[in-house]
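Values below: all heavy atoms of this structure, side chains included; hydrogens, waters and symmetry mates excluded. In what follows, chains carry the letters A, B, and so on, assigned in the order in which the sequence lines appear, proteins first and then strands, with residues in each chain numbered from 1.
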Protein chains: 2
Amino acid sequence: MNKVKQREANNATAIDVTDLILHDIQTGVLAPGSWLKQIDLEQRYQCTRPEVRRALDRLAQRRLVEHVPNRGYHVFEPDGRQAAEVSEIRILLETGVADKIAANASRADVEALRELAARFDKLILEGTPIELYEANLAFHYRLLSLCGNSELVKLVTEIRQRTSSAPVSQWKTRARIEQSSREHHEMVNAIAAGETAALKDAISRHIRQD
Amino acid sequence: MNKVKQREANNATAIDVTDLILHDIQTGVLAPGSWLKQIDLEQRYQCTRPEVRRALDRLAQRRLVEHVPNRGYHVFEPDGRQAAEVSEIRILLETGVADKIAANASRADVEALRELAARFDKLILEGTPIELYEANLAFHYRLLSLCGNSELVKLVTEIRQRTSSAPVSQWKTRARIEQSSREHHEMVNAIAAGETAALKDAISRHIRQD
DNA sequence: ATATCCAAAATTGGCGCCAATTTATGCTAA
DNA sequence: TTAGCATAAATTGGCGCCAATTTTGGATAT
């Protein structure tokens with residue numbers, strides 16, 4: 001009985017338009033500043049009007065899009081000060097748990113991080129910008145998860161989205177990407193060696209230049 | 001021309017049902033765990049069904065209420081671990097900017113903080129729990145604003161709401177309230193004296209016991 | 001030729017209805 | 001008397017329509 005219900009429940013969490021729009025903002029498909037017309041989104045994502053509106057409202061709550069009453073929603077573009085402030089927050093949080101990360105990291109964790117850092121490396125040459133972006137996310141997620149504070153992980157994931165509204169375009173220079181990759185390895189090495197001071201320093205520099 | 005528009009713009013930002021429900025959750029009128037039926041809210045706040053649903057969706061996004069599909073929304077009650085994790089986050093952020101707070105505080109700022117701390121003191125005896133709660137919020141808002149990072153202020157305001165779902169009921173013991181008040185004064189004194197270490201310590205203890 | 005004003009088109013946003021699901025109630029059978 | 005089931009009530013949630021506002025295009029007057 002209730003085949004449909006069963007199907008729904010077993011099925012991976014039904015993806016919501018919010019995530020689709022979010023992904024397109026993150027990957028730069030929807031450029032910062034551009035207006036998000038409800039009709040366009042409705043067609044693009046093959047969904048209904050109320051769904052679009054709910055998604056836009058959610059993204060506005062997260063300050064990823066800005067809402068102008070009776071005018072519509074447009075992709076938010078953080079000014080320099082806001083970006084700097086958010087970076088500051090990330091540095092406080094991520095360096096603040098650096099010692100916990102180093103303490104909790106098992107040999108297997110270090111190995112997994114090495115692999116993720118290597119994957120990022122590899123994708124610099126072979127992958128698309130989007131793949132690179134996602135590999136970066138995966139690395140940082142794994143790294144931060146070691147701190148043991150899942151609320152903090154969620155929070156940082158959230159505010160990381162807030163800064164890098166157009167992360168793909170930001171990484172235009174090869175030199176900068178390679179620098180990022182070096183810092184990834186630097187972090188892993190610091191963890192493996194238990195050098196929390198070096199880890200904090202690497203994290204700090206990494207966030208500042210991102 | 002456009003009298004209405006003018007009126008609307010000049011008028012204080014039209015308050016939204018979300019804030020009303022939020023306030024009632026914060027002050028404990030809507031108890032943790034209780035179900036928020038759409039019909040009840042619709043009547044209680046004299047608003048339409050879609051407004052209620054939008055508000056509930058927003059509060060669910062902020063994790064102040066929990067959504068169970070086809071069952072409804074109920075006030076979120078954080079378990080011990082989550083509460084501890086959120087406290088940990090607040091300590092990282094608020095002690096992290098303690099030096100900035102101390103550095104930026106002018107004589108007038110210190111005076112204003114003294115006044116807010118005194119107001120809290122006074123309300124312990126004379127005020128209602130809600131007034132006390134709001135005086136506490138005002139003190140902390142003023143204090144944190146001195147750090148100069150407005151994004152951080154917004155963020156902490158947001159996550160502070162997340163921990164203390166029923167702050168009024170938490171403060172049942174007089175002893176605890178008075179301890180809080182002492183710590184307020186302790187913080188102000190530390191700022192006035194420029195003793196950042198003492199400030200960090202006071203903030204840390206204050207958050208942990210809250 | 002250009003600025004201003006008016007009208008039409010497009011877009012946003014509010015509201016109510018109805019289907020789907022869940023919960024409560026009462027009835028029947030063991 | 002109690003457990004199970006079926007039916008009814010209540011609640012949630014999706015969808016579409018229409019009003020309100022804004023924008024665009026064009027016509028007129030200076």
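- dT12(C) atom P lies 9 Å from atom CG of L41(A), rounded to whole Å.
- The CD atom of E42(B) sits 10 Å away from the P atom of dT12(D) (whole-angstrom rounding).
- In the set dC15(D), dT12(C), dT12(D), dT12(C) carries the atom at the smallest distance from any side-chain atom of R49(A).
- Atom CD in Q38(A) sits roughly 14 Å away from atom C1' in dT22(D) (whole-Å rounding).
- The side chain of P50(B) sits closest to dC15(C) out of dT12(D), dC15(C), dT22(D).
- The side chain of T48(A) contributes no N or O atom lying less than 4.0 Å from OP1 or OP2 of dG14(D).
- If you check dT11(D), dT22(C), dC15(D) against the side chain of N70(B), the one that comes closest is dT22(C).
- Nearest approach of S145(B) to V153(B), heavy atoms of both residues: CA-CG2, 3.9 Å.
- Contacts of R142(B) classified as side-chain hydrogen bond (donor to acceptor under 3.5 Å, both in side chains), with partners at least two apart in sequence or in another chain: D109(B).
- Atom pair L56(B):CG and dT12(D):C1' shows a separation of 11 Å (rounding to whole Å applied).
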* What's the verdict on ring pair (Phe, Tyr, Trp, His ring centres under 6.0 Å) for H206(B) and H140(B), showing C-alpha distance, side-chain angles and the deciding distance? -> CA-CA 11 Å; H206(B) 192 68; H140(B) 283 285; 4.9 Å; yes
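- Between Q43(A) atom CD and dA10(C) atom P there is a gap of 13 Å when expressed in whole angstrom units.
- Between the P atom of dG13(C) and the CG atom of L36(A) lies a distance of 12 Å, rounded to the nearest Å.
- Each of dT21(D), dG13(D), dT11(D) was ranked by its minimum atom distance to the side chain of Y73(B); first place goes to dG13(D).
- Protein atom CH2 of W35(B) is 12 Å distant from nucleotide atom P of dT22(C), rounded to whole Å.
- R71(A) comes within contact range of the sugar-phosphate backbone alone, with a heavy-atom separation under 4.0 Å but no base atom that close.
- The existence of a salt bridge linking R205(B) and D201(B) is confirmed by a sub-4.0 Å separation between a basic side-chain nitrogen and an acidic carboxylate oxygen.
- With rounding to whole Å, I39(A) atom CD1 is found 14 Å from dT23(D) atom C1'.
- At dG13(C), one or more side-chain N or O atoms of H67(A) fall inside 4.0 Å of OP1 or OP2 (strictly under the cut-off).
- The rotation axes computed at either terminus of the helix from dA1(C)-dT30(D) to dA30(C)-dT1(D) lie 0° apart, taking five pairs at each end and rounding to 10 degrees.
- A donor-acceptor contact shorter than 3.5 Å links the side chain of Q46(B) to the backbone of Q43(B).
- In summary, E88(B) and K100(A) engage in a salt bridge, as defined by a charged side-chain N under 4.0 Å from a carboxylate O.
- A donor-acceptor contact under 3.5 angstrom links the side-chain atoms of R53(B) to the base of dG13(D).
- The side-chain hydrogen bond (donor to acceptor under 3.5 Å, both in side chains) test applied to R44(A) returns D24(A), not counting sequence neighbours.
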